[in-house]
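Within every chain, numbering begins at 1; the chains are lettered A, B, ... in the order of the sequence lines, protein sequences first and strands thereafter.
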Protein chains: 2
Amino acid sequence: MNTIQYALLSLLAREPLSGYDMKQQINLKINPFWKISNNQLYPVLGKLEKACFIQLKAIEQDGYRPARKIYEITDAGLEKLKEWIAAPSETDVIRDEFTVKLFNSWLLEPEKMINILADRKRQHEEKLLLYANKMKELAVRPEYGDIETPLFSTAAILNLRMGYERSYMEWCDNMGMLLQGSLDQKSKTAKL
Amino acid sequence: MNTIQYALLSLLAREPLSGYDMKQQINLKINPFWKISNNQLYPVLGKLEKACFIQLKAIEQDGYRPARKIYEITDAGLEKLKEWIAAPSETDVIRDEFTVKLFNSWLLEPEKMINILADRKRQHEEKLLLYANKMKELAVRPEYGDIETPLFSTAAILNLRMGYERSYMEWCDNMGMLLQGSLDQKSKTAKL
DNA sequence: GTCTTCATGTAAACGGTTACATGATTAC
DNA sequence: GTAATCATGTAACCGTTTACATGAAGAC
């Protein structure tokens, strides 16, 4: 059992869903947390069904549209999931392409680097706004604040990711100022 | 060309290295930024050599030890690397197993969750200390502060990761207090 | 006598991405 | 008439992990 399989169980622990729904939720709604493609999704659903952690609940047909295979989690699946979440996790290696580029920033003219940092900040600001908007949507729901509802967990993830985006933005600012300061000093020395 | 190949070029842009050295630097020294296994490393080195982005500089033999194949970056490789770092990057999806577990925190007793959060905070504190120590090592070097040296880029990555660890720790604290507050209120109501 | 380090490499399997396929409908 | 949405699925490939192999020296 790998993380993506537990992610699917996590979704079904909240409500019965079709494969299509799960993909949407992972890629869009729960976007801060994982990603999945069709090719992974359908075989993995098959595996989970074979292992009796999920089962087909219904097949919905809405007019001309393709049939929707709705899955639900089984008792065994819920048990498996609960076991997993209680087990300790290592901190994962963050593989961020930008960091590798940053490792080479000394090869770049400071002026270019300042622009790249400004761009980068904008990207993280966008994400922050996205999360903030999702948070606003959650805050008006009546269960908001109740720690025993799924909503609480979703809000917790959003909070975590908002903290990440804010710290990234702060870093962009600091780096930008550092480089700018270095440039200013250089032009001063050149004048003298 | 994928990120790991550019990561190897990045290392060779600083100094000639053997495959073994590169693995050590990626997995240990530059731990905050990527990871590589033998199976990926040696075929990828072969590819880079074939593409003429790196070349064999020397074969060192130190007594009984296996021969070290020292590689260096070519002009073409440096050019390719510079092109890449100037090109814009998307923000990568952060795949963190813990986040998926967090998505299920509503299934867990708050007491257990409080413990998990305390553990998690400890993990990130350890990483923060690790980065802080590396930073101290860099700070005493004479080139420190000069934005045109590799050291500056390394320090920038450490700064970024330290910000990440700090924001994670802060979030752990906030989440812990929220849960604790909710528990206290519950026991109060129970007494009345 | 077993474990670790140095240094190269390979085999097999799993995880994940990109692209394609179907077929009806709605939107521009 | 082209593109997007809904909903399932497959083929081929690339990226990554785990495990194994060699062989000599030094540490416990």
K.L.:
Are A:I85 and A:M1 connected in a single hydrophobic cluster, I mean Ile/Leu/Val/Met/Phe/Trp/Tyr linked by side-chain heavy atoms less than 4.5 Å apart?
P.N.:
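Both belong to a single hydrophobic cluster.
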K.L.:
Let me know the distance between CG of B:D92 and P of D:dT16, rounded to the nearest Å.
P.N.:
11 Å
K.L.:
Just compare D:dG15, D:dT8, C:dA7 and give me whichever is closest to any side-chain atom of B:K47.
P.N.:
D:dG15
K.L.:
When rounded to the nearest 0.5 angstrom, what distance separates CE in A:M162 from CG in A:L129?
P.N.:
9.0 Å
K.L.:
Which nucleotide, D:dG9, C:dT18, C:dG16, lies nearest any side-chain atom of A:I4?
P.N.:
C:dG16
K.L.:
Please check the phosphate of C:dG15 (OP1 and OP2 only) for any side-chain N or O of A:K35 closer than 4.0 Å.
P.N.:
no
K.L.:
Using whole Å, what does the distance between atom C1' of nucleotide D:dA4 and atom CD of A:Q24 come to?
P.N.:
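Going from CD in A:Q24 over to C1' in D:dA4 covers 13 Å.
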K.L.:
May I have the distance from A:L8 (atom CG) to C:dG16 (atom P), rounded to whole angstrom?
P.N.:
11 Å
K.L.:
Between atom CE of B:M113 and atom CG of B:L102, what is the distance when rounded to the nearest 0.5 Å?
P.N.:
5.0 Å
K.L.:
Within the structure shown, what part of the strands sits under 4.0 Å from A:G19 by heavy-atom distance: base, sugar-phosphate, or nothing?
P.N.:
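Sugar-phosphate contact only - A:G19 comes under 4.0 Å of backbone atoms but never of a base.
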K.L.:
Is there a side-chain contact between A:Y64 and the phosphate of C:dT25, meaning an N or O under 4.0 Å from OP1 or OP2?
P.N.:
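For A:Y64, the contact criterion (side-chain N or O under 4.0 Å from OP1 or OP2 of C:dT25) is not met.
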K.L.:
Is A:Y20 close enough to D:dC6 that one of its side-chain N or O atoms is under 4.0 Å from OP1 or OP2 there?
P.N.:
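For A:Y20, the contact criterion (side-chain N or O under 4.0 Å from OP1 or OP2 of D:dC6) is met.
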K.L.:
Calculate the interatomic distance between B:R65 atom CZ and C:dT8 atom C1'; express it in whole Å.
P.N.:
14 Å
K.L.:
Rounded to whole angstroms, how far apart are CG on B:L17 and C1' on C:dA7?
P.N.:
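Going from B:L17 (CG) to C:dA7 (C1'), I get 14 Å.
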K.L.:
Could one point to a donor on the side chain of B:N38 or the base of C:dG9 with an acceptor on the other under 3.5 Å away?
P.N.:
yes
K.L.:
Classify the nucleic acid contact of B:K23 as base, sugar-phosphate or nothing, counting any heavy atom under 4.0 Å across all strands shown.
P.N.:
nothing
K.L.:
Using a distance-only test with no angle check, is there a side-chain donor-acceptor pair under 3.5 angstrom linking B:N2 and B:Q5?
P.N.:
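Result is yes, a qualifying pair exists.
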K.L.:
Round to a whole Å and report the spacing from CH2 of A:W34 to C1' of C:dG16.
P.N.:
11 Å
K.L.:
Compare the minimum distances between each of D:dA7, C:dG16, C:dT8 and the side chain of A:P66, then state the nucleotide with the smallest one.
P.N.:
D:dA7
K.L.:
Picking from D:dG9, C:dT18, C:dT8, which would you name as closest to the side chain of B:S18?
P.N.:
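Shortest atom-to-atom distance from the side chain points to C:dT8.
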K.L.:
Does a side-chain N or O from A:R95 land closer than 4.0 Å to OP1 or OP2 of C:dG15, or not?
P.N.:
no
K.L.:
Can you check whether A:F98's main-chain N or O pairs, donor with acceptor, with B:S89's side chain at less than 3.5 Å?
P.N.:
no
K.L.:
OP1, OP2 of D:dT5 versus side-chain N and O of A:R68: anything below 4.0 Å?
P.N.:
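Checking A:R68 against D:dT5: no side-chain N or O falls below 4.0 Å of OP1 or OP2.
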K.L.:
Just to be sure I understand the rule, does A:D62 reach a base, reach only the sugar-phosphate, or reach nothing, if contact means heavy atoms closer than 4.0 Å?
P.N.:
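Answer is nothing: A:D62 stays at 4.0 Å or more from every strand.
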K.L.:
Check this one for me: any side-chain N or O of B:Q40 less than 4.0 Å away from OP1 or OP2 of D:dT16?
P.N.:
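So the side-chain polar atoms of B:Q40 do come within 4.0 Å of the phosphate oxygens OP1 or OP2 of D:dT16, strictly under.
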K.L.:
Using whole Å, report how far CG of A:L41 lies from C1' of C:dA19.
P.N.:
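Going from A:L41 (CG) to C:dA19 (C1'), I get 16 Å.
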K.L.:
For B:A67 and A:N2, take the nucleotide of DNA chain C holding the closest heavy atom to each; which residue's nucleotide lies nearer the 5' end?
P.N.:
B:A67
K.L.:
Send over the distance from B:Q25 CD to C:dA7 C1', rounded to a whole Å.
P.N.:
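Value for this atom pair: 15 Å.
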K.L.:
Could you walk me through whether B:D96 and B:Y168 pass the side chain to side chain donor-acceptor pair (under 3.5 Å) test, one step at a time?
P.N.:
CA-CA 12 Å; B:D96 179 20; B:Y168 216 122; 3.2 Å; yes
